[in-house]
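In what follows, chains carry the letters A, B, and so on, assigned in the order in which the sequence lines appear, proteins first and then strands, with residues in each chain numbered from 1. These figures come from a predicted structure and were not determined experimentally.
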Amino acid sequence: MRWTQTYIPTLREAPAEAELISHKLLVRAGYIRKLASGIYLYLPLMQRVIQKFSQIVRDEMNAAGAVEVTMSALAPAEVWQKSGRYETAGREQMRLKDRHGRDYVLNGTHEEVITSLVSGELKSYKQLPLNMYQIQIKFRDEIRPRFGLMRGREFIMKDAYSFDADVESHRVSYQKMVDAYFKIFERAGLDSRMVESDTGAMGGESAHEFMVIVDTSAGEEYLLFCDKCDYAANREKATFRDENPPIIDSEEKELEKVPTPGAATIEEVTAFLKVDANRLVKTLIYKAIDDKDNATPIVALVRGDRELNEVKLNNLVKAVELEMADEDFVCEVTGAPVGFAGPVGLKNKEITIYADHEVMALKNVIVGANEADTHYLNANIGRDFEVTETGDLTTASEGDACPNCDGRLVCKKGIEVGNTFMLGTKYSDSMDAKFLNSNGKAMPFVMGSYGIGITRTPQAAVERYHDDGGIIWPKDIAPYSVEVVPLNYKQDNIREAADSIYAKLSEAGVDVLLDDRPERAGVKLNDADLIGCPVRIAIGAKSLDEGKVELKARNSSEVHLVAVEGIVAEIEKTLKTLK
RNA sequence: CGGGGUGUGGCGCAGCUUGGUAGCGCACCUGCUUUGGGAGCAGGGGGUCGGAGGUUCGAAUCCUCUCACCCCGACCA
């Protein structure tokens, strides 16, 4: 491609709105433009990157036995109502009405649509397993779009759905996708890590995320890895071994109310009472919001030395939304200012109290007394207060003990580029999608769903691979493998050499961009660094007089003088050495 | 939705406090010179100052409302 025939609007300065380096670079280098908040246009260079990455995804999906389809972006509300997610998807679903006033959804994912497709048509276990995928635009009415392509309201995703006759067969299908995912990200030049994740709004049995580890603010999620074994989970999901159990008293002591003036936080209370934080129980008040926007107060109890994990809490509460109570609400529920809430003698006896497992093991704990500047000593479950439900409610963090071995958890940040869900029969049950098994019995499909962010993965690559000058693309997702830069295109011999090299490379099937603009050398070289093609061929007067041009890899500062005749072979050789 | 902030030519910004009829850098167009890491000189085009209302002789500037965008939080691939 000749630069003057395509559209590569590079900018010297990044728009003020861009926060991440990857976002700034994609805008500056002329890959994307914003149309509205969270809505981006993919310019010619980005389009090529998307196509290259998509092709890698297709290759590996096909190799794993999946078949490509395209499903509509638009769906009638009924299919979502049928699964029950029309209610739970809530405000992040893009919705609209047609001219007849009928309700529609712009799909953010396609479990409902594909389940309704196969329902009644996939009839026999003999047709299973089946895995269908598509690469398509998805919509999501994000609360707050940001970070360019990372969190948009419209984005491209590869989504695959597997249908199996039973759980054992599904595990095989799931593993095929996992294997394919590692290959896909490797081919895109990215190291990916698979971590356990919460199933979230998707539901189902278990889930994993594929993450690119970064150390910048682009890391949207905290991940915990064991430094000894292969345990890996995101922070929502991660568990840990309790290494800090308090000494448990053998006898229940008498409940005692003590003044704790000004001691509202765990630190203040432990300092004031001179006790360890693990003898305290944190009482956290939340608003559980249902699908009709009603807020019910709930209480969560975790040991004083732990952090509450809201995702785990809501897995028990099952609210549409969980919201930390504000001061007024805390006051209303407990009758005390923030910092003195406790489970003993809560004003509203109907209130649901969720406690972490660790709390259940404690005796004679210190809790707020629901009265300003006052705490209880020696509170005991069963005697002084009741717990409605128990579960794991704590957040793992760096340095905690691995749940599976004697290693330590290390915390890293990552960008999610893919995910896999074991859905079980959630959708086939709710949407009544069944097949006949070998005994002639109607059974719900065991399903899986598998996503890859087609537009966010390249941005993750930019976040991972760049320098002060611009992007450094992994070669197999670069828009062009080679950029030919004639330093003065007006000079006859330089132009002829550039045109000839461009023609030869094109003929050899190498993706090549020729910067045929009548720009100064500095401008072209800076733009070449900015857009980040893996190999640059610079053609200048001095070396050309000796029949040579300069070959430079974007990821290295070494410049090689290469004879014009051997240039194609030399470039192909260089490309082979690049990631 | 809560908190904070910003809207002035394509991009980045100044001007606003103290009202007087819009400016700078980059980009763009023309000419000459220059030509290996974002050239120089000269000339030129382009902005209802986000929108609506109001105050005033006069509003980018003050007031009210509104819209958009960005940052932090909740949500999330």
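The base of B:rG37 is paired with the side chain of A:D529 by a donor and an acceptor separated by under 3.5 Å. Taking only distance into account, the side chain of A:E17 never meets the base of B:rG7 through a donor-acceptor pair shorter than 3.5 Å. For A:E519 and B:rG38, a side-chain-to-base donor-acceptor distance below 3.5 Å is absent, hydrogens and geometry of angles not being considered.
When the side-chain nitrogen and oxygen atoms of A:S37 are compared with OP1 and OP2 of B:rC70, one or more of them lie within a distance under 4.0 Å. For the pair A:R144 and B:rC72, the criterion of a side-chain N or O lying under 4.0 Å from OP1 or OP2 is met. The shortest distance between the side-chain N/O atoms of A:R12 and the OP1/OP2 oxygens of B:rG38 is not below 4.0 Å. In this model, the phosphate group of B:rC70 is approached by a side-chain N or O of A:K34 to a distance below 4.0 Å at OP1 or OP2.
Taking the six-membered ring where the residue is Trp, A:H23 and A:Y40 present perpendicular rings, their angle passing 60° and hence far from 30°. Ring pair A:Y181/A:Y450 is perpendicular by interplanar angle, where above 60° counts as perpendicular and below 30° as parallel.
For A:T394 and A:D392, the side-chain atoms include at least one donor-acceptor pair closer than 3.5 Å.
Distance CG (A:L43) to P (B:rC11): 14 Å, rounded to an integer number of Å. The CG-P distance, from A:N107 to B:rA77, rounds to 15 Å in whole Å. Separating the CD atom of A:E13 from the P atom of B:rC28 is a distance of 14 Å, rounded to the nearest angstrom. Atom CG in A:L313 sits roughly 14 Å away from atom C1' in B:rA74 (whole-Å rounding). Distance A:R517 CZ to B:rA27 P: 12 Å, rounded to the nearest Å. The CD1-P distance, from A:I8 to B:rG38, rounds to 20 Å in whole Å. We find that CD of A:E310 is positioned 7 Å from P of B:rA74, with the value rounded to whole Å. Between the CZ atom of A:F147 and the P atom of B:rC70 there is a distance of 12 Å, rounded to whole Å.
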Take A:V549 and A:I501, measure what side-chain contact (heavy atoms from CB on, under 4.5 Å) needs, and give me the verdict at the end. CA-CA 10 Å; A:V549 296; A:I501 290 170; 4.0 Å; yes
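Nucleotides B:rG9 and B:rG50 place their P atoms 8 Å apart, quoted to the nearest Å. B:rG46 and B:rA68 are spaced 31 Å apart, taking the P atom of each and rounding to whole Å. Here the separation of B:rU64 from B:rU55, taken at their C1' atoms, is 11 Å to the nearest Å. Here, B:rU56 and B:rU61 have their C1' atoms 13 Å apart, quoted to the whole Å. Across the P atoms, B:rG40 and B:rC26 are found 7 Å apart, a figure rounded to whole Å. Comparing the same atom, P, in B:rC32 and in B:rC71 gives a spacing of 47 Å after rounding to whole Å. Spacing between B:rC11 and B:rG47 at atom P, rounded to whole Å, works out to 14 Å. Spacing between B:rA59 and B:rG15 at atom C1', rounded to whole Å, works out to 14 Å.
Taking the charged nitrogens against the carboxylate oxygens, A:K552 and A:E558 have no contact shorter than 4.0 Å, which rules out a salt bridge.
In this structure, of B:rG12, B:rU34, B:rC75, it is B:rU34 that holds the atom nearest to the side chain of A:K490. Between B:rU35, B:rG36, B:rG37, one nucleotide has an atom nearer to the side chain of A:L487 than all others, and that is B:rG36. In the set B:rC69, B:rC75, B:rA77, B:rC75 carries the atom at the smallest distance from any side-chain atom of A:R146. Picking from B:rC75, B:rC69, B:rG25 the nucleotide with the shortest atom distance to the side chain of A:I143 gives B:rC75. For A:N488, the listed nucleotide lying nearest its side chain is B:rU35; candidates were B:rU35, B:rC11, B:rA77. For A:N526, counting side-chain heavy atoms from C-beta on, the closest listed nucleotide (B:rC11, B:rG37, B:rA77) is B:rG37.
The SG atom of A:C533 lies 4.0 Å from the CD1 atom of A:I531; values are rounded to the nearest 0.5 Å. The NZ atom of A:K412 lies 12.5 Å from the CE atom of A:M211; values are rounded to the nearest 0.5 Å.
For A:Y31 and A:W473, the distance between ring centers is under 6.0 angstrom.
Relative to the six-membered ring of A:Y86, A:R95 meets both conditions, a distance below 6.0 Å and an angle of at most 45° to the axis. A:F210 does not carry A:R193 over the face of its six-membered ring by the limits of under 6.0 Å from the centre and within 45° of the normal.
Where A:E323 and A:M157 each meet RNA chain B at their nearest nucleotide, the meeting point lying more 5' is that of A:E323. The 5' end of RNA chain B is approached more closely, in terms of each residue's nearest nucleotide, by A:A18 than by the other of A:A18 and A:F155.
Taking a pair to require two hydrogen-bonding distances under 3.5 Å in either a Watson-Crick or a G-U wobble arrangement, B:rG45 remains unpaired. Pair assignment for B:rC26 gives B:rG10, based on Watson-Crick or G-U wobble hydrogen-bonding distances that are each under 3.5 Å. In this structure B:rG38 sits in no base pair that meets the Watson-Crick or G-U test at under 3.5 Å. Across every strand in view, B:rG53 sits in a pair with B:rC63 that passes the Watson-Crick or G-U test at under 3.5 angstrom. Figure legend. B:rG73 is base-paired to B:rC1; pairs are counted as Watson-Crick or G-U wobble with both atom distances under 3.5 Å.
Residue A:G152 is in base contact, counting any heavy-atom pair closer than 4.0 Å across all strands shown. Note on A:E142: a base of the nucleic acid sits closer than 4.0 angstrom, heavy atoms only.
Distance alone, capped at 3.5 Å, is enough to place a donor-acceptor pair between the A:R33 side chain and the A:V27 backbone.
The stretch residues 19-33 of chain A touches RNA chain B through A:E19, A:R28, each having a heavy atom under 4.0 angstrom from the strand. Within residues 533-549 of chain A, the residues approaching RNA chain B are A:R536, A:G540, A:A541, A:S543, by heavy-atom distance under 4.0 Å.
The residue from A:E221, A:Q459, A:E220 that alone fulfils the side chain to side chain contact (heavy atoms under 4.5 Å, CB included) condition with A:I415 is A:E220.
Residue A:E307 places its CD atom among 12 or fewer non-hydrogen atoms of other residues, nucleotides or ligands, all under 6.0 Å distant.
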